[in-house]
Amino acid sequence: MKVSKFATSMLALAVTAAFSTQAADDRYIVKVEESKRGNVKALAKQLGAEIKVEGKAFIAFKFSGKSLEEVKSLMNDPRNFANSLTEEELVLSKARMNNPHINMIEEDHRRMPLSQFSDDAGNPMNEQLTPYSVYQSQADQVSFNANAGMKVCVIDSGLDRSNQDFAWNNITGDNDSGTGNWDENGGPHGTHVAGTIGAADNNIGVVGMAPGVDMHIVKVFNADGWGYSSDLAYAADKCAQAGANIISMSLGGGGANSTEENAFKAFTADGGLVLAAAGNDGNDVRSYPAGYSSVMMVGGNDADNNRYTESQYPSCTVTTGRGKRQTTVTDETICVEITAGGVDVLSTYPAGMATNSIVSVDGQAIASSSMENAGNASGNTFYMGTAEATDSGANGNVCVIDRGVISFHDKVQNCENSGGIGAIIINNEAGMLYATLGDTNATSIPAAGAAFEDRAAILAAASADVSIGTSDYGLMTGTSMATPAVAGIAALVWSNHNGCTGTEIRDVLKATAMDSGAAGHDVYFGHGIAQAKAANDYLAANGCDGDVTPPPAGDITVDANGYRSKGKNKVDVSWNGASTSSVDIYRNGSLRTTTANDGAYTDSFKTYGSYTYQVCDQGTSNCSSDVTVNF
């Protein structure tokens with residue numbers, strides 16, 4: 001991955017911070033016989049432990065400076081608890097070297113919210129919220145220069161004029177044949193895309209990457225939701241005529257077309273920047289127009305800097321010729337070059353087309369998702385556990401329910417049948433609960449999903465408010481959402497350096513991206529997650545034509561051989577040239593293992609598909625090229 005010294009130092013800082021948070025807290029869980037709880041507590045205190053949590057059949061202690069093995073040894077040494085045992089228990093304990101009052105001792109692992117970035121909490125119909133992807137991409141740290149002449153051309157399903165979160169005086173448009181008026185939606189997709197690029201900074205709704213940027217809208221999707229490559233070639237010309245600097249396309253399909261390709265080549269050659277979505281089929285198929293060299297292919301990531309699992313990842317290699325004349329070259333312009341937030345992205349909708357959930361506990365707003373049943377409920381909370389049965393205690397209250405065991409519908413039904421006026425269902429794993437009550441929903445009270453990370457606050461609350469209604473703002477997922485994010489970031493950065501060409505902006509965005517997945521360039525993230533401030537700072541220091549110096553070229557070579565053995569798929573990975581005592585082995589962009597640098601590793605699994613391997617010096621970006629095996 002090409003990086004400036006600035007980007008490299010920031011990456012090193014991020015890595016250091018990530019490792020420093022993993023320090024052990026010297027906390028251990030001791031599972032006890034309830035009748036002997038007092039004896040175990042007394043022993044632990046005698047050994048210098050501090051009680052942290054007392055639960056059913058367990059106690060969590062902090063043993064400062066002690067390892068798990070040391071704690072086990074101390075707590076199970078008969079000399080430390082002989083006076084609490086009968087003579088028979090003492091004999092057995094000495095023989096077995098265990099404490100009969102203790103069933104198990106294990107590490108009390110640290111648990112943290114997994115979302116590194118999140119949307120602001122609140123109601124976008126009443127206040128302005130910043131989507132997580134804006135924070136993740138550093139767009140909130142760069143000011144947009146509205147006088148720089150930036151214009152983004154959005155080729156999509158139209159931008160509906162009913163949403164007022166736009167600087168409409170700065171927006172123009174064209175209709176393609178048979179698609180209807182450009183400012184009337186052909187579905188919410190185009191309106192959502194446009195909001196991510198340029199929703200206004202106006203104290204309402206959401207804020208875009210380049211707030212209030214001029215836009216030109218070309219509506220190419222017909223009533224059936226599709227168009228043709230010729231429509232895109234025509235649209236590219238319309239974008240150029242409108243004076244656009246950037247074309248954003250959250251669309252694609254199979255097969256290259258020279259007419260379409262030439263249209264985008266021409267736009268790029270004239271100094272523009274073209275971006276298109278990689279696709280959402282989760283495979284290595286190359287989609288077009290993203291697959292053309294003149295178009296920047298954009299993949300998706302989530303709020304935790306992880307890959308959006310359905311983001312397509314075509315190879316960066318091209319093989320031509322046959323036999324002895326066959327050659328294979330690497331071309332990073334025909335695969336994913338960069339990523340941005342594309343999972344559960346909050347943006348604009350045509351008026352009233354989205355469903356919105358507003359939840360607060362003890363007057364404090366929390367993030368939520370709408371499930372079903374428009375309406376409002378305010379009252380005291382009542383915890384129903386997993387709500388597997390009715391409970392009269394819920395009468396007149398807002399039910400707080402844990403996910404699990406029975407369906408969401410049946411949970412809400414039991415709440416309602418108990419007299420409950422609303423329901424909040426909390427996820428049982430990290431992240432927000434997105435769910436519905438099914439096609440045969442027979443409930444009527446408003447119900448919302450909540451994140452596991454907010455469980456403690458919800459359970460501790462005495463009151464709650466739940467409101468489910470229509471909204472002009474909603475969530476969508478896909479590389480269709482990531483593409484306008486990068487288009488908006490490009491407009492934002494370019495507005496402060498408008499002497500650059502589109503190709504120079506493209507190069508700088510890649511050079512300053514935050515590396516994610518396998519170290520260095522990979523087929524899933526390309527060069528990494530787009531970072532507006534890093535790109536802006538680089539251009540401020542070096543100018544448009546400043547040298548973006550790459551790190552030393554990796555000197556690790558790798559080979560992989562796939563085969564079947566004893567009902568499993570196996571891959572023998574071999575390598576040369578690594579310089580650290582251990583190496584990191586990545587599979588499909590995720591760390592598979594860290595192993596000794598002995599030149600060989602065998603992977604084993606039962607699933608089928610394409611598997612791409614890369615070997616890196618441990619903890620560095622000195623990596624091999626990718627090698628792929630198929631099963």
Side-chain angles (χ1 to χ4, degrees), residues 1-16 18-19 278 284 297 299 301 305-307 311 313-318 328-339 507 509-531 534 548-562 571-603 605 610-630:
M1 168 177 130
K2 293 184 177 180
V3 289
S4 63
K5 293 180 180 179
F6 170 83
T8 305
S9 63
M10 291 300 291
L11 178 60
L13 178 62
V15 170
T16 302
F19 277 99
D284 60 0
M297 185 185 294
N301 57 259
N305 299 339
N306 296 319
R307 171 186 164 233
S311 185
Y313 49 94
S315 169
C316 301
T317 59
V318 179
T328 300
V329 297
T330 298
D331 182 356
E332 293 180 359
T333 67
I334 62 169
C335 51
V336 173
E337 297 184 47
I338 203 163
T339 69
D507 289 343
L509 288 177
K510 292 188 292 185
T512 57
M514 178 175 64
D515 196 17
S516 196
H521 182 276
D522 64 77
V523 295
Y524 303 101
F525 287 91
H527 293 269
I529 300 172
Q531 302 287 278
V548 184
T549 56
D555 51 6
I556 303 173
T557 59
V558 65
D559 192 21
N561 177 44
V571 179
D572 289 339
V573 181
S574 58
W575 65 91
N576 286 298
S579 59
T580 52
S581 59
S582 295
V583 296
D584 294 330
I585 297 181
Y586 290 85
R587 189 180 81 185
N588 289 354
S590 298
L591 181 64
R592 181 63 170 167
T593 187
T594 298
T595 187
N597 183 14
D598 57 9
Y601 167 76
T602 298
D603 197 11
F605 46 89
S610 294
Y611 298 89
T612 299
Y613 291 85
Q614 188 179 45
V615 177
C616 306
D617 281 332
Q618 185 181 10
T620 77
S621 59
N622 183 43
C623 301
S624 69
S625 58
D626 293 338
V627 60
T628 301
V629 295
N630 297 294

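The structure displayed is predicted, hence computed values, not measured ones.
- Checked against His527 for a side-chain hydrogen bond (donor to acceptor under 3.5 Å, both in side chains), the options Glu332, Lys510, Glu337 give a single hit: Glu332.
- Formation of a donor-acceptor pair under 3.5 Å by the Ser624 side chain with backbone atoms of Val615 is found in this model.
- One distance of note links OH of Tyr613 with CG of Asp559; it measures 12.5 Å at 0.5 Å rounding.
- Of the possible polar contacts, one joining the Asn588 side chain to the Thr612 backbone as a donor-acceptor pair under 3.5 Å is found.
- Scored by the side chain to side chain contact (heavy atoms under 4.5 Å, CB included) test, Thr557 finds Asn576 as partners (sequence neighbours excluded).
- When all heavy atoms of Leu509 and Ile338 are compared, the pair lying nearest together is O-CD1, 3.5 Å.
- Applying the ring-ring contact (aromatic ring centres under 6.0 Å, His included) test to Tyr524 and every residue at least two apart in sequence or in another chain returns Tyr313.
- Of all heavy-atom pairs spanning Cys335 and Pro314, the tightest one is CB-O, 3.4 Å.
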Next item on the list: Dump the intermediate steps for side-chain contact (heavy atoms from CB on, under 4.5 Å) on Trp575 and Asp598, then the final yes or no.
Entry: CA-CA 9 Å; Trp575 65 91; Asp598 57 9; 4.0 Å; yes
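- Within the 3.5 Å criterion, the main-chain N or O of Thr580 finds a donor-acceptor partner in the side chain of Asn597.
- Side-chain contact between Val523 and Asp284 is absent, with no heavy-atom pair separated by less than 4.5 Å.
- Scanning both residues, Ala560 and Val627, for their nearest heavy atoms gives CB-CG1, 3.8 Å.
- Between the side chain of Gln614 and the backbone N or O of Asp626 there is no donor-acceptor pair closer than 3.5 Å.
- The two residues Gln618 and Thr594 have their closest heavy-atom pair at NE2-CG2, 3.5 Å.
- For the atom pair Asn301 CG and Ser311 OG, the distance stands at 8.5 Å (nearest 0.5 Å).
- For Asp617, the salt bridge (charged side-chain N to carboxylate O under 4.0 Å, His left out) test picks out no residue, with sequence neighbours left out.
- Shortest non-hydrogen contact noted between Ala578 and Val583 is CB-CG1, 3.6 Å.
- For residues 516-531, the set of pairs meeting the salt bridge (Lys or Arg N to Asp or Glu O under 4.0 Å) definition, not counting sequence neighbours, is empty.
- Remark: Cys316 SG to Asp331 CG distance equals 8.0 Å, nearest 0.5 Å.
- Contacts of Tyr611 classified as ring-ring contact (aromatic ring centres under 6.0 Å, His included), with partners at least two apart in sequence or in another chain: Phe605.
- Residue Thr593 holds its OG1 atom at 11.5 Å from OH of Tyr586, rounded to the nearest 0.5 Å.
- For Ser625, there are no side chain to side chain contact (heavy atoms under 4.5 Å, CB included) partners, not counting sequence neighbours.
- Of the possible polar contacts, one joining the Ser516 side chain to the Asn305 backbone as a donor-acceptor pair under 3.5 Å is found.
- Between the OG1 atom in Thr512 and the CD atom in Gln531 there is a gap of 7.5 Å [rounded to 0.5 Å].
- The minimum heavy-atom distance between Gly619 and Asp584, with the atom names listed, is N-OD2, 2.9 Å.
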